[in-house]
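Quick caveat: nothing in here was measured; it's all calculated off a predicted structure.
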Amino acid sequence: MGNVLVALFAILLCLVNAVVWTFVSEMPIAGVGWVIAAAFCFYLQKWSQG
């Protein structure tokens, strides 16, 4: 259960960073990178579950 919470927290942080970089810093390419990082975190979580 702890791994799931950590993964959800990491995905949430990645998505928050994506919003900040896209809209606040006006750097949408960095925002896309953070969305990709969130997807990678999700993939790692699924992979570690087996």
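- Here the CZ atom belonging to F9 is positioned 10.5 Å from the SG atom belonging to C14, to the nearest 0.5 angstrom.
- Once rounded to the nearest 0.5 Å, the distance linking OG of S25 with CG of N17 reads 9.5 Å.
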>> Could you go through L8 and Q45, starting from their C-alpha distance and side-chain angles, then the distance that decides it, and tell me whether this counts as side chain to side chain contact (heavy atoms under 4.5 Å, CB included)?
In response: CA-CA 9 Å; L8 289 176; Q45 174 63 26; over 6 Å; no
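- Taking CZ of F40 as the start and CH2 of W34 as the end, the distance is 13.0 Å to the nearest 0.5 Å.
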>> Is there a side chain to side chain contact (heavy atoms under 4.5 Å, CB included) between V32 and I36? Walk through the geometry before answering.
In response: CA-CA 6 Å; V32 170; I36 292 170; 4.1 Å; yes
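- Scanning both residues, I11 and A38, for their nearest heavy atoms gives CG1-O, 3.8 Å.
- Criterion: ILVMFWY side-chain heavy atoms under 4.5 Å apart, direct or through other members. Under it, F42 and V35 are not part of a common hydrophobic cluster.
- Within a 6.0 Å sphere centred on CD1 of I29, heavy atoms belonging to other residues, nucleotides or ligands number 12 at most.
- The distance from the CE atom of M27 to the OG1 atom of T22 is 10.0 Å, given to the nearest 0.5 Å.
- Between W21 and A30, the shortest heavy-atom distance links the atoms CE3-CB, 3.7 Å.
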